[in-house]
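One structure below.
Please read these numbers as outputs of a predicted model, since none were measured by experiment.
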Amino acid sequence: RQMCIRDSSKNPLHVILDIGCTRPMGSRPKVMAFYKAATAIGIKCWFISINSKFKFADSKTHYMTQALVIEFPTKPNPTTTQIDICESGTVPILFSVFQMMNLGFDLEMRPHGVFLTCEAFGFNRQLLPWAGTGHLVLDLSRLKYFQGRSFLVEAFEAGKAYASKS
């Protein structure tokens, strides 16, 4: 198997796996593209009001007032998550470390690639593609099964993510 580089801008359902990201977020243009593509294939989405603050690595702070809630038609129960919307820039959707933890990601990092094992996606040592920026990419439309728990990050305080029963 060989490392694959993907242009994540061509598939709006692709997100960037960002281990350093503690809060899922994306720019308005990227979230709207995700919304359009997701609803077209039966993934339910809706907008909610929020009040959150996001600090970027460059020390800039952005305040966010809206988020997209995504409900995946997983078996046996639907699975939800939330993506905060940044009103400036064209930042891709960043999948946070807590979302990865809650889904039980097992990342195997080797010199020739990064492999994901995750029951929720039906992956067993699936070689992950790379974006041209060097970030790992994941197609969220492949989420299939998740033990009846939601990974919606509703309450987020001091680095804690909360999962709730569906």
Side-chain angles (χ1 to χ4, degrees), residues 3-48 50 52 54-57 62 64 66-74 78-109 113-146 149-154 156 159 161-163:
M3 284 196 298
C4 173
I5 296 179
R6 293 245 168 91
D7 181 355
S8 59
S9 66
K10 291 190 179 186
N11 184 341
L13 296 172
H14 285 177
V15 296
I16 299 293
L17 297 183
D18 191 349
I19 292 174
C21 180
T22 57
R23 188 159 185 96
M25 60 85 61
S27 64
R28 168 95 38 205
K30 300 296 183 183
V31 171
M32 294 309 293
F34 181 95
Y35 173 82
K36 184 177 178 182
T39 55
I41 62 167
I43 298 172
K44 293 180 185 175
C45 301
W46 61 92
F47 296 93
I48 62 170
I50 61 167
S52 68
F54 193 91
K55 281 192 169 186
F56 287 93
H62 291 270
M64 301 184 201
Q66 195 172 43
L68 179 69
V69 177
I70 306 160
E71 183 179 272
F72 297 94
T74 51
T79 302
T80 59
T81 194
Q82 172 179 316
I83 307 291
D84 292 0
I85 301 171
C86 182
E87 296 296 344
S88 61
T90 57
V91 177
I93 294 175
L94 304 178
F95 205 65
S96 77
V97 67
F98 294 114
Q99 289 171 310
M100 292 180 239
M101 289 168 58
N102 286 332
L103 283 171
F105 276 28
D106 184 4
L107 293 170
E108 181 183 334
M109 299 182 184
V114 177
F115 300 88
L116 172 62
T117 297
C118 179
E119 183 180 3
F121 281 91
F123 290 168
N124 182 20
R125 293 197 80 243
Q126 174 74 38
L127 181 64
L128 292 174
W130 298 86
T133 59
H135 294 92
L136 293 170
V137 176
L138 181 66
D139 181 352
L140 286 187
S141 70
R142 296 190 62 184
L143 184 61
K144 297 175 177 27
Y145 175 81
F146 191 58
R149 289 190 64 182
S150 160
F151 64 108
L152 175 64
V153 179
E154 264 179 356
F156 193 93
Y162 299 89

- Message: Show, in sequence, the C-alpha distance, side-chain angles and deciding distance for W130 and L136, and conclude whether the side chain to side chain contact (heavy atoms under 4.5 Å, CB included) test is met.
- Response: CA-CA 5 Å; W130 298 86; L136 293 170; 3.8 Å; yes
Taking all atoms of both residues into account, what is the closest heavy-atom pair of [X] and [Y], and its distance?
{"X": "P29", "Y": "G89", "result": "CD-O, 3.9 Å"}
{"X": "V137", "Y": "A131", "result": "CG2-N, 3.4 Å"}
{"X": "Q82", "Y": "P24", "result": "O-CG, 3.1 Å"}
{"X": "M64", "Y": "D84", "result": "SD-CB, 3.6 Å"}
{"X": "F34", "Y": "C45", "result": "CE2-SG, 4.5 Å"}
{"X": "C118", "Y": "L103", "result": "SG-O, 3.5 Å"}

With sequence neighbours left out, the residues meeting side-chain contact (heavy atoms from CB on, under 4.5 Å) with K36 are none
**Item:** Side chain S27, main chain C86, donor-acceptor under 3.5 Å
**Value:** no
Are [X] and [Y] packed together at the side-chain level, in the sense that at least one heavy-atom pair is separated by less than 4.5 angstrom?
{"X": "T117", "Y": "F123", "value": "no"}
{"X": "L128", "Y": "L107", "value": "yes"}
{"X": "I43", "Y": "P73", "value": "yes"}

For the atom pair [atom1] ([X]) and [atom2] ([Y]), what is the distance rounded to the nearest 0.5 Å?
{"X": "I19", "Y": "L94", "atom1": "CD1", "atom2": "CG", "result": "12.5 Å"}
{"X": "L17", "Y": "H14", "atom1": "CG", "atom2": "NE2", "result": "11.0 Å"}
{"X": "E108", "Y": "L116", "atom1": "CD", "atom2": "CG", "result": "10.5 Å"}
{"X": "T39", "Y": "W46", "atom1": "OG1", "atom2": "CH2", "result": "12.5 Å"}
{"X": "D18", "Y": "M100", "atom1": "CG", "atom2": "CE", "result": "6.5 Å"}
{"X": "L138", "Y": "Q126", "atom1": "CG", "atom2": "CD", "result": "9.5 Å"}

Requested in this report: Return the orientation label for the F121 and F105 ring planes: parallel under 30°, perpendicular over 60°, tilted otherwise.
Outcome: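 F121 vs F105 ring planes: perpendicular.
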*asked:* For I93 and L140: C-alpha separation, side-chain torsions, deciding distance, then whether side chain to side chain contact (heavy atoms under 4.5 Å, CB included) applies.
replied: CA-CA 11 Å; I93 294 175; L140 286 187; 5.7 Å; no
Q) Residues in salt bridge (Lys or Arg N to Asp or Glu O under 4.0 Å) with E87, at least two apart? A)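 E87 satisfies salt bridge (Lys or Arg N to Asp or Glu O under 4.0 Å) with R28 only.
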